[in-house]
Amino acid sequence: MNHGVTMRDIVVKLGCEVMAGSEHLDNPVAFGYSSDLLSDVMAKVGLGDVWVTVQTHENIIAVGSITGVSGIIIAGGAAPLPPTVRRANEEGIPLLVTVKPSFEVIGILYHMGIKGRSEK
Amino acid sequence: MYLEYRVDGGDFQASGQAAAGIKRTLRQIGIDAEVARRAAIVTYEAEMNIAIHAYLGTISIEILPERIIIQADDEGPGIADIPAAMQVGYSTATEDIREMGFGAGLGLPNMRRYSDEFEIESQVGVGTSVRAVIILPAKEGN
(Lines give C-alpha, C1' and ligand atoms only; values in the text may rest on other atoms or scores of the structure.)
Protein backbone atom coordinates (compact mmCIF):
# COMPACT_ATOMS: atom_id res chain seq x y z
CA MET A 1 0.00 0.00 0.00
CA ASN A 2 2.28 2.77 -1.21
CA HIS A 3 0.13 4.08 -4.04
CA GLY A 4 -0.98 7.04 -1.89
CA VAL A 5 -4.48 7.09 -3.39
CA THR A 6 -7.22 8.88 -1.42
CA MET A 7 -10.97 8.77 -1.86
CA ARG A 8 -10.72 12.22 -3.43
CA ASP A 9 -8.39 10.85 -6.15
CA ILE A 10 -11.01 8.19 -6.89
CA VAL A 11 -13.79 10.79 -7.17
CA VAL A 12 -11.71 12.78 -9.66
CA LYS A 13 -10.70 9.73 -11.69
CA LEU A 14 -14.21 8.24 -11.86
CA GLY A 15 -15.86 11.63 -12.33
CA CYS A 16 -18.53 10.40 -9.95
CA GLU A 17 -20.96 11.98 -7.54
CA VAL A 18 -20.27 12.19 -3.80
CA MET A 19 -23.56 11.51 -2.03
CA ALA A 20 -22.27 11.66 1.55
CA GLY A 21 -19.17 11.91 3.70
CA SER A 22 -17.56 14.60 1.54
CA GLU A 23 -15.54 15.90 4.50
CA HIS A 24 -13.71 12.55 4.66
CA LEU A 25 -12.46 12.42 1.07
CA ASP A 26 -8.86 12.68 2.28
CA ASN A 27 -9.19 9.14 3.66
CA PRO A 28 -6.25 7.14 2.35
CA VAL A 29 -7.20 3.93 0.58
CA ALA A 30 -5.50 0.68 1.61
CA PHE A 31 -6.83 -2.06 -0.65
CA GLY A 32 -9.96 -2.69 -2.71
CA TYR A 33 -12.80 -5.18 -2.41
CA SER A 34 -15.95 -5.83 -4.38
CA SER A 35 -18.93 -7.97 -3.43
CA ASP A 36 -22.68 -7.57 -3.03
CA LEU A 37 -23.03 -10.20 -0.32
CA LEU A 38 -22.81 -8.35 2.98
CA SER A 39 -21.49 -11.25 5.05
CA ASP A 40 -18.79 -11.83 2.45
CA VAL A 41 -17.76 -8.18 2.65
CA MET A 42 -17.85 -8.35 6.45
CA ALA A 43 -15.41 -11.26 6.40
CA LYS A 44 -13.03 -10.04 3.69
CA VAL A 45 -12.86 -6.24 3.54
CA GLY A 46 -10.18 -4.63 5.69
CA LEU A 47 -9.56 -1.43 7.58
CA GLY A 48 -9.13 1.46 5.15
CA ASP A 49 -10.25 -0.44 2.05
CA VAL A 50 -12.50 0.93 -0.67
CA TRP A 51 -15.60 -1.24 -1.28
CA VAL A 52 -17.42 -1.44 -4.61
CA THR A 53 -21.03 -2.72 -4.55
CA VAL A 54 -24.37 -2.37 -6.32
CA GLN A 55 -26.33 -2.53 -3.05
CA THR A 56 -28.02 0.75 -2.10
CA HIS A 57 -29.79 0.12 1.22
CA GLU A 58 -28.53 1.47 4.53
CA ASN A 59 -27.05 -1.79 5.76
CA ILE A 60 -24.06 -1.13 3.51
CA ILE A 61 -23.22 1.76 5.83
CA ALA A 62 -23.46 -0.51 8.88
CA VAL A 63 -21.08 -2.96 7.20
CA GLY A 64 -18.77 -0.17 6.06
CA SER A 65 -18.70 1.39 9.50
CA ILE A 66 -18.08 -1.84 11.38
CA THR A 67 -15.27 -2.89 9.06
CA GLY A 68 -13.77 0.62 8.90
CA VAL A 69 -13.68 1.13 5.14
CA SER A 70 -12.29 4.35 3.64
CA GLY A 71 -15.26 4.69 1.35
CA ILE A 72 -18.05 2.91 -0.51
CA ILE A 73 -18.66 3.14 -4.25
CA ILE A 74 -22.14 2.26 -5.50
CA ALA A 75 -21.58 1.12 -9.06
CA GLY A 76 -24.08 0.62 -11.87
CA GLY A 77 -25.91 3.90 -11.49
CA ALA A 78 -28.46 3.00 -8.81
CA ALA A 79 -29.04 5.85 -6.37
CA PRO A 80 -28.67 5.15 -2.65
CA LEU A 81 -31.85 5.32 -0.61
CA PRO A 82 -32.25 8.48 1.56
CA PRO A 83 -31.61 6.59 4.85
CA THR A 84 -28.38 5.27 3.34
CA VAL A 85 -27.18 8.80 2.59
CA ARG A 86 -28.21 10.02 6.04
CA ARG A 87 -26.44 7.19 7.81
CA ALA A 88 -23.28 7.61 5.70
CA ASN A 89 -23.15 11.26 6.77
CA GLU A 90 -23.68 10.29 10.41
CA GLU A 91 -20.90 7.72 10.24
CA GLY A 92 -18.62 9.94 8.17
CA ILE A 93 -18.18 7.45 5.34
CA PRO A 94 -17.62 8.77 1.80
CA LEU A 95 -20.41 7.40 -0.40
CA LEU A 96 -19.75 7.63 -4.13
CA VAL A 97 -22.16 6.85 -6.94
CA THR A 98 -21.19 6.12 -10.52
CA VAL A 99 -23.06 4.93 -13.61
CA LYS A 100 -20.06 2.76 -14.48
CA PRO A 101 -20.63 -0.92 -13.73
CA SER A 102 -18.59 -2.65 -11.02
CA PHE A 103 -16.21 -4.29 -13.51
CA GLU A 104 -15.16 -0.96 -15.00
CA VAL A 105 -14.86 0.73 -11.61
CA ILE A 106 -12.60 -2.03 -10.33
CA GLY A 107 -10.48 -1.83 -13.48
CA ILE A 108 -10.00 1.90 -13.02
CA LEU A 109 -9.10 1.47 -9.33
CA TYR A 110 -6.62 -1.24 -10.24
CA HIS A 111 -4.95 1.05 -12.78
CA MET A 112 -4.66 3.66 -10.02
CA GLY A 113 -2.54 1.17 -8.07
CA ILE A 114 -5.17 -0.18 -5.70
CA LYS A 115 -4.78 -3.92 -5.31
CA GLY A 116 -6.71 -6.68 -3.59
CA ARG A 117 -5.79 -7.57 -0.03
CA SER A 118 -4.54 -11.06 -0.99
CA GLU A 119 -1.88 -9.49 -3.24
CA LYS A 120 -0.12 -7.62 -0.46
CA MET B 1 -19.25 -4.36 31.54
CA TYR B 2 -22.59 -5.54 30.20
CA LEU B 3 -24.49 -4.38 27.11
CA GLU B 4 -27.86 -5.60 25.91
CA TYR B 5 -29.74 -4.92 22.68
CA ARG B 6 -33.20 -5.94 21.52
CA VAL B 7 -33.55 -6.98 17.87
CA ASP B 8 -36.93 -7.23 16.16
CA GLY B 9 -37.50 -9.74 13.39
CA GLY B 10 -37.71 -8.06 9.99
CA ASP B 11 -36.15 -4.82 11.22
CA PHE B 12 -33.26 -4.32 8.86
CA GLN B 13 -33.08 -0.59 9.49
CA ALA B 14 -31.95 -0.97 13.08
CA SER B 15 -29.62 -3.83 12.30
CA GLY B 16 -26.02 -3.09 12.97
CA GLN B 17 -26.70 -1.00 16.05
CA ALA B 18 -25.47 -3.62 18.50
CA ALA B 19 -22.39 -4.26 16.37
CA ALA B 20 -21.63 -0.55 16.08
CA GLY B 21 -22.16 -0.17 19.84
CA ILE B 22 -19.84 -3.00 20.81
CA LYS B 23 -17.13 -1.81 18.44
CA ARG B 24 -17.32 1.74 19.79
CA THR B 25 -17.29 0.56 23.41
CA LEU B 26 -14.36 -1.80 22.90
CA ARG B 27 -12.30 0.89 21.17
CA GLN B 28 -13.13 3.37 23.95
CA ILE B 29 -11.76 1.03 26.59
CA GLY B 30 -8.62 0.44 24.57
CA ILE B 31 -9.28 -3.01 23.13
CA ASP B 32 -7.15 -3.89 20.11
CA ALA B 33 -8.74 -2.84 16.78
CA GLU B 34 -8.65 -6.33 15.27
CA VAL B 35 -10.30 -7.86 18.36
CA ALA B 36 -12.97 -5.13 18.27
CA ARG B 37 -13.54 -5.85 14.60
CA ARG B 38 -14.00 -9.59 15.26
CA ALA B 39 -16.46 -8.90 18.07
CA ALA B 40 -18.37 -6.49 15.81
CA ILE B 41 -18.55 -9.03 12.97
CA VAL B 42 -19.86 -11.75 15.31
CA THR B 43 -22.41 -9.33 16.77
CA TYR B 44 -23.53 -8.09 13.36
CA GLU B 45 -24.12 -11.61 12.06
CA ALA B 46 -26.10 -12.42 15.21
CA GLU B 47 -28.24 -9.30 14.71
CA MET B 48 -28.85 -10.12 11.07
CA ASN B 49 -29.79 -13.71 11.85
CA ILE B 50 -32.48 -12.49 14.23
CA ALA B 51 -33.72 -9.80 11.80
CA ILE B 52 -33.86 -12.32 8.93
CA HIS B 53 -35.18 -15.43 10.63
CA ALA B 54 -36.67 -14.76 14.07
CA TYR B 55 -39.60 -12.82 15.55
CA LEU B 56 -37.73 -11.21 18.40
CA GLY B 57 -34.38 -11.56 20.05
CA THR B 58 -31.83 -10.12 22.42
CA ILE B 59 -28.11 -9.78 22.10
CA SER B 60 -26.17 -9.50 25.32
CA ILE B 61 -22.51 -8.75 25.43
CA GLU B 62 -20.38 -9.24 28.50
CA ILE B 63 -16.92 -7.72 28.50
CA LEU B 64 -14.62 -9.36 31.04
CA PRO B 65 -10.90 -8.68 31.55
CA GLU B 66 -9.91 -11.80 29.63
CA ARG B 67 -12.84 -12.44 27.30
CA ILE B 68 -15.88 -11.07 25.51
CA ILE B 69 -19.03 -13.20 25.60
CA ILE B 70 -21.64 -12.52 22.92
CA GLN B 71 -24.96 -14.24 23.57
CA ALA B 72 -27.86 -14.11 21.10
CA ASP B 73 -31.23 -15.58 22.08
CA ASP B 74 -34.28 -15.46 19.87
CA GLU B 75 -37.87 -16.51 19.71
CA GLY B 76 -38.34 -17.90 16.25
CA PRO B 77 -38.74 -20.92 14.02
CA GLY B 78 -35.51 -22.52 15.24
CA ILE B 79 -33.05 -24.47 13.10
CA ALA B 80 -33.98 -28.03 12.16
CA ASP B 81 -30.56 -29.04 10.84
CA ILE B 82 -27.74 -27.24 12.65
CA PRO B 83 -24.85 -29.05 10.85
CA ALA B 84 -26.36 -27.92 7.52
CA ALA B 85 -26.82 -24.36 8.80
CA MET B 86 -23.14 -24.27 9.76
CA GLN B 87 -22.09 -25.01 6.18
CA VAL B 88 -20.96 -22.11 4.00
CA GLY B 89 -23.61 -21.41 1.38
CA TYR B 90 -26.52 -23.08 3.17
CA SER B 91 -29.41 -20.69 3.74
CA THR B 92 -33.17 -20.73 4.18
CA ALA B 93 -33.52 -16.98 3.54
CA THR B 94 -36.16 -15.80 1.08
CA GLU B 95 -35.42 -14.31 -2.34
CA ASP B 96 -36.24 -10.78 -1.07
CA ILE B 97 -33.66 -11.11 1.67
CA ARG B 98 -31.06 -12.46 -0.75
CA GLU B 99 -31.56 -9.53 -3.11
CA MET B 100 -30.45 -7.26 -0.27
CA GLY B 101 -27.19 -9.17 -0.08
CA PHE B 102 -28.12 -11.17 3.01
CA GLY B 103 -28.85 -14.87 3.25
CA ALA B 104 -25.75 -16.02 1.42
CA GLY B 105 -25.20 -18.78 3.94
CA LEU B 106 -22.20 -17.08 5.50
CA GLY B 107 -23.60 -15.78 8.79
CA LEU B 108 -23.12 -18.69 11.17
CA PRO B 109 -19.82 -19.75 9.51
CA ASN B 110 -18.56 -16.17 9.96
CA MET B 111 -19.57 -16.21 13.62
CA ARG B 112 -17.67 -19.44 14.22
CA ARG B 113 -14.68 -18.25 12.21
CA TYR B 114 -14.28 -15.04 14.18
CA SER B 115 -14.87 -16.43 17.66
CA ASP B 116 -12.63 -18.58 19.85
CA GLU B 117 -15.50 -20.60 21.29
CA PHE B 118 -18.84 -21.09 19.58
CA GLU B 119 -21.96 -22.92 20.70
CA ILE B 120 -25.39 -23.07 19.12
CA GLU B 121 -28.59 -24.62 20.44
CA SER B 122 -31.95 -24.59 18.76
CA GLN B 123 -35.42 -25.97 19.22
CA VAL B 124 -37.73 -26.02 16.22
CA GLY B 125 -40.76 -23.81 16.82
CA VAL B 126 -39.22 -22.20 19.89
CA GLY B 127 -36.01 -20.40 19.04
CA THR B 128 -32.24 -20.40 18.81
CA SER B 129 -29.42 -19.48 21.17
CA VAL B 130 -25.89 -18.76 20.10
CA ARG B 131 -22.95 -18.13 22.41
CA ALA B 132 -19.67 -16.85 21.02
CA VAL B 133 -16.57 -16.12 23.07
CA ILE B 134 -13.63 -14.02 21.98
CA ILE B 135 -10.51 -14.36 24.10
CA LEU B 136 -8.74 -11.07 24.75
CA PRO B 137 -4.99 -10.98 24.25
CA ALA B 138 -3.08 -10.91 27.56
CA LYS B 139 -1.95 -7.43 28.51
CA GLU B 140 1.75 -6.72 28.79
CA GLY B 141 3.08 -7.02 32.31
CA ASN B 142 0.47 -9.57 33.38
Side-chain angles (χ1 to χ4, degrees), chain A residues 1 20-21 27-28 30-31 33-49 51-70 72-76 78-93 95 102 117-118 120, chain B residues 5 7 10-27 32-49 51-53 70 85-91 93 96-115:
Chain A
M1 184 211 156
N27 282 353
F31 296 90
Y33 196 69
S34 179
S35 174
D36 303 315
L37 300 175
L38 302 190
S39 287
D40 175 56
V41 176
M42 196 62 111
K44 308 272 177 62
V45 83
L47 196 67
D49 291 0
W51 169 28
V52 182
T53 182
V54 298
Q55 298 288 358
T56 56
H57 55 82
E58 67 181 288
N59 286 277
I60 63 173
I61 307 303
V63 171
S65 170
I66 290 161
T67 53
V69 298
S70 278
I72 301 171
I73 303 174
I74 299 178
L81 303 171
T84 309
V85 174
R86 190 175 63 238
R87 201 150 159 188
N89 276 321
E90 285 169 7
E91 300 282 345
I93 297 178
L95 182 64
S102 293
R117 213 156 251 282
S118 63
K120 66 183 167 184
Chain B
Y5 298 87
V7 183
D11 185 0
F12 296 99
Q13 275 68 46
S15 62
Q17 285 184 357
I22 180 71
K23 188 183 180 192
R24 193 164 47 241
T25 301
L26 291 174
R27 295 298 291 146
D32 171 72
E34 185 53 33
V35 173
R37 173 186 146 91
R38 286 171 55 204
I41 291 174
V42 170
T43 305
Y44 183 80
E45 297 291 6
E47 280 182 87
M48 291 318 306
N49 278 343
I52 292 169
H53 298 288
I70 300 162
M86 292 307 302
Q87 287 173 27
V88 170
Y90 178 90
S91 178
D96 288 356
I97 299 284
R98 288 171 195 255
E99 277 181 14
M100 290 176 74
F102 300 117
L106 295 167
L108 288 173
N110 266 359
M111 290 180 76
R112 182 164 61 185
R113 176 179 170 188
Y114 287 101
S115 50

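Worth knowing before you read on, the calculation uses all heavy atoms, side chains too, and leaves out hydrogens, waters and symmetry mates. In what follows, chains carry the letters A, B, and so on, assigned in the order in which the sequence lines appear, proteins first and then strands, with residues in each chain numbered from 1.
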Subject >> Top contributor to chain A interface from B:G103, B:P109, B:G107, B:G101 [non-hydrogen pairs under 4.5 Å] >> reply: B:G101
**OP:** Output all residues satisfying side chain to side chain contact (heavy atoms under 4.5 Å, CB included) with A:A20, sequence neighbours left out; order by chain, then residue number.
**Re:** A:V85, A:A88, A:N89, A:L95
**OP:** Please report the shortest heavy-atom distance between B:G16 and A:I66, naming the atom on each side.
**Re:** O-CD1, 4.3 Å
Distance-only donor-acceptor screen, chain A against chain B, under 3.5 angstrom:
unit_1, atom_1, unit_2, atom_2, d
A:L38, N, B:G101, O, 2.8
A:S39, O, B:N110, ND2, 2.9
A:S39, OG, B:E45, OE1, 3.0
A:S39, OG, B:E45, OE2, 2.9
A:A43, O, B:Y114, OH, 2.7
A:V45, O, B:R37, NH1, 2.9
A:V45, O, B:R37, NH2, 3.0
A:Q55, NE2, B:E99, O, 3.3
A:Q55, NE2, B:M100, O, 3.3
A:H57, NE2, B:M100, O, 2.7
A:N59, OD1, B:S15, OG, 2.5
A:N59, ND2, B:F12, O, 3.2
A:S65, O, B:K23, NZ, 3.2
A:I66, O, B:K23, NZ, 2.7
A:R87, NH1, B:Q13, O, 2.9
A:R87, NH2, B:S15, O, 3.2

